[in-house]
Structures are given as structure tokens and as C-alpha cells.
Amino acid sequence: MKGNLLVISGPSGSGKSSLMKEILLEIEDAYFSISSTTRMIREGEEDGVNYHFISKEEFERDIDAGFFLEWAKVHDNYYGTSLKPILKELQKGRLVICDIDVQGHKIAQEKFGHLITSVFVTTPDQKSLQERLIKRGTDSHEVIEKRLDNAVSEMTCIGEYDYVLVNDDFKEASKDLLAIAHASRRKNVFNGYERIY
Ligand code: 5GP
């Protein structure tokens, strides 16, 4: 494998997607892994761009067929990362960027730990996370409450990440994420003594 993996996790509403979008404009050889999900499409999202929006039955068939590098149930919906495109891009030597939750990160570490640089994106506090979710206007009160509860449990995994990014100032945070993405390309992927010439 010549490529590297940049795994980005963090509570829903922490601004991960916007940060990723921003750095993808700056990195030439990066590939964004489009996950599959069974959740409802939100206004402004596009099938095949933000996610592959599929039914629960289709997702479960894909699980059985071994289609996923990892999958998890988050906020009562399935989310999963397809293995094949990632292997293809890693073989090409590209930087694969994945937005996955803390459960998915654990599984990805077991399989590709030597290639992974991981970043946990968060807001300065819980109140600003709540404000962002309300301002986004895409979720019902009940869904927001679920996402906030999930954020609290996700925070307990923060120690498993290489970097923590507090997304307070978007410009600063995207600059930092870009620096981390560049550094992830230099991660030492060699096992002990390896002949590289
Ligand atoms: P949202 O519904 O806000 O787009 O995403 C909800 C959560 O699912 C986020 O924490 C996001 O990181 C996570 N997620 C998105 N894609 C995947 C995936 O392929 N696998 C896993 N495990 N989590 C994902």
C-alpha cells in the first residue's frame, strides 16, 4: 500500500463535513470516501456526493456480502465505508479521507492502523454544539437530543485519536486540518527494517 488514511471523527454538528470540503480543495491526490447510509437525505445533500443513500435491506445485504471495511449503527441508522474503492485508491498511493464515527474508527484501526492518522473534531463546549445543530435546521428536536447524547458518549473516545481539533474559528481549524493532512502523507508505514531501494 502506497497511500495513507486520514480518519476524521467527531460529533454531528462539529463542522467535520465543512472542514473536509475545505481541505479537499487544497490536496490534489486526496480521495474522499463516500459512505453508505440508511438515514434520510437532508435538504442540500446529493446521493452519491454526500452519501450513497440506500435502504436498510440493501445495507444488510451489503454487510452479508462483506462489502464494508467497517459499518456501525449511529443514531438508529446504518453507516458504512466500502472497502473496494479504498483499497484501489490506497494502491494508487492516494490520501483517503474518511468521515467515520468512533466505533468505525476502532475497526479501521484494527485493519489499517499502520496507515491511519486520526483526528477528532469538536466544538469548544456542548452548548455551541447544540446551537449549531439548531441553526443547521435539518433535524427535529428529538433527533438533536439524540445527537447530543451521542456526542457525550463519543467524547469518551477522544483519547484514541492522534489529533484533537477544536473547531471554534473555522479558518484556523481548516488551516490546522490541512497541516495534519499533509503530515499524514509522511506517516511512517514501514514495519521494522524494510528495504526501500
Ligand atoms: P450524519 O448523519 O450527521 O451525516 O452522520 C452521523 C455520524 O455518522 C457522524 O458521526 C459521522 O462521522 C458518522 N459516519 C458517517 N459515515 C460513516 C461511516 O461510513 N461509518 C461510520 N462508522 N460512521 C459514519
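Because the structure is a prediction, the values reported are computed rather than measured. If you read the sequence from its start, that first residue is 1, and numbering goes on from there.
- In this structure, the side chains of Asp101 and Ser9 stay at 4.5 Å or more apart for every pair of heavy atoms.
- Under a hydrophobic clustering in which Ile, Leu, Val, Met, Phe, Trp and Tyr are joined whenever their side-chain heavy atoms come within less than 4.5 Å, directly or via other members, Ile158 and Val152 fall into different clusters.
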Subject >> Chi angles and distances behind the side chain to side chain contact (heavy atoms under 4.5 Å, CB included) call for Leu6, Asn4 >> reply: CA-CA 7 Å; Leu6 182 65; Asn4 304 88; over 6 Å; no

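- Evaluation of the salt bridge (Lys or Arg N to Asp or Glu O under 4.0 Å) test over residues 143-158, restricted to residues two or more places apart or in two chains, returns Asp76-Lys146, Asp139-Arg147.
- Side chain of Asp162 to main chain of Ser118: a donor-acceptor pair is present (N/O by atom type, distance under 3.5 Å, no hydrogens or angles).
- Nearest heavy atoms, Ser12 versus Arg136: OG-NH2, 3.6 Å.
- When every heavy atom of Ala181 is checked against every heavy atom of Ile27, the shortest pair comes out as CB-CD1, 3.5 Å.
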Subject >> Working for side chain to side chain contact (heavy atoms under 4.5 Å, CB included), residues Cys98 and Ile86 >> reply: CA-CA 9 Å; Cys98 299; Ile86 288 190; 3.9 Å; yes

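- Side-chain contact between Leu178 and His182 is present, with heavy atoms from C-beta onward closer than 4.5 Å.
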Original post:
For Thr37 and Phe59, what are the C-alpha separation, side-chain angles and deciding distance, and is it a side chain to side chain contact (heavy atoms under 4.5 Å, CB included)?
Top reply: CA-CA 8 Å; Thr37 184; Phe59 200 103; 5.7 Å; no

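- Here the NE2-CG distance, from His52 to Asp47, works out to 7.5 Å after rounding to the nearest 0.5 Å.
- Using a 4.5 Å cut-off on side-chain heavy atoms (C-beta onward), Val121 and Ile8 make contact.
- Going from atom OG of Ser18 over to atom CG of Leu177 covers 11.5 Å, rounded to the nearest 0.5 Å.
- For the atom pair CZ of Phe68 and OG of Ser82, the computed distance is 5.5 Å after rounding to the nearest 0.5 Å.
- Among pairs with a residue in residues 171-184, those fulfilling salt bridge (Lys or Arg N to Asp or Glu O under 4.0 Å) read Glu172-Lys175, at least two apart in sequence or across chains.
- Considering every non-hydrogen atom in both Ile97 and Phe32, the closest pair reads O-CD1, 3.5 Å.
- Within the structure, salt bridge (Lys or Arg N to Asp or Glu O under 4.0 Å) pairs that include any residue of residues 24-41 comprise Asp29-Arg185, Arg39-Glu45 (at least two apart or interchain).
- In this structure, Lys16 and Gly10 approach most closely via the heavy-atom pair NZ-O, 2.8 Å.
- We find that Glu131 and Lys127 are joined by a salt bridge, their nearest charged nitrogen and carboxylate oxygen being less than 4.0 Å apart.
- More than 12 heavy atoms of other residues, nucleotides or ligands shown are found within 6.0 angstrom of NZ on Lys92.
- Linking ILVMFWY residues whenever their side-chain heavy atoms come closer than 4.5 Å, directly or via other members, leaves Ile34 and Ile63 in distinct clusters.
- Applying the salt bridge (Lys or Arg N to Asp or Glu O under 4.0 Å) test to pairs two or more places apart or on separate chains, those with a residue in residues 102-117 are Lys106-Glu160.
- Interatomic distance, CD1 of Ile107 versus CG of Leu69, reported as 8.0 Å (0.5 Å rounding).
- Listed for the Gln103 side chain is a donor-acceptor partner under 3.5 Å among the backbone atoms of Lys73.
- When the options Glu60, Glu58, Lys56 are evaluated for a side chain to side chain donor-acceptor pair (under 3.5 Å) with Tyr78, the one that passes is Glu60.
- Atom NZ of Lys88 has 12 or fewer heavy atoms from other residues, nucleotides or ligands within 6.0 Å.
- The aromatic rings of Tyr79 and His75 lie perpendicular to each other, with more than 60° between the two planes, well past the 30° mark.
- Ring geometry, Tyr161 versus Phe120: the interplanar angle exceeds 60°, so the pair is classed perpendicular (tilted spans 30 to 60°).
- Looking only at side-chain heavy atoms (C-beta outward), Leu148 and Leu129 come within less than 4.5 Å of each other.
- Under the salt bridge (Lys or Arg N to Asp or Glu O under 4.0 Å) criterion, Arg94 pairs with Glu89, sequence neighbours left out.
- Following chains of ILVMFWY side-chain contacts shorter than 4.5 Å, one cannot reach Ile100 starting from Val164, and the two form parts of different hydrophobic clusters.
- Of the inter-residue distances, the one linking Ser35 atom OG with Asp99 atom CG reads 6.5 Å to the nearest 0.5 angstrom.
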Original post:
Does the pair Asp62 and Ile54 meet the rule for a side chain to side chain contact (heavy atoms under 4.5 Å, CB included), with working shown?
Top reply: CA-CA 10 Å; Asp62 287 346; Ile54 61 174; 3.9 Å; yes

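- Under the 4.5 Å side-chain heavy-atom criterion for grouping Ile, Leu, Val, Met, Phe, Trp and Tyr, Leu115 is not connected to Ile180 through any hydrophobic cluster.
- Under the 3.5 Å distance criterion, the side-chain polar atoms of Thr123 are matched with a main-chain donor or acceptor of Asp125.
- Atoms CD1 and CD, on Ile144 and Glu142 in that order, are 11.0 Å from each other to the nearest 0.5 Å.
- Taking both residues in full, the closest heavy atoms of Val96 and Ser33 are given as CG1-CB, 4.3 Å, listed atom of the first, atom of the second, then distance.
- Residues Ile116 and Leu83 fall within the same hydrophobic cluster, defined by Ile, Leu, Val, Met, Phe, Trp and Tyr side chains chained together at heavy-atom separations under 4.5 Å.
- What you find for Ala30 and Leu24 is that their closest heavy atoms are CB-CD2, 3.9 Å.
- Applying the ring pair (Phe, Tyr, Trp, His ring centres under 6.0 Å) test to Phe53 and every residue at least two apart in sequence or in another chain returns Tyr51.
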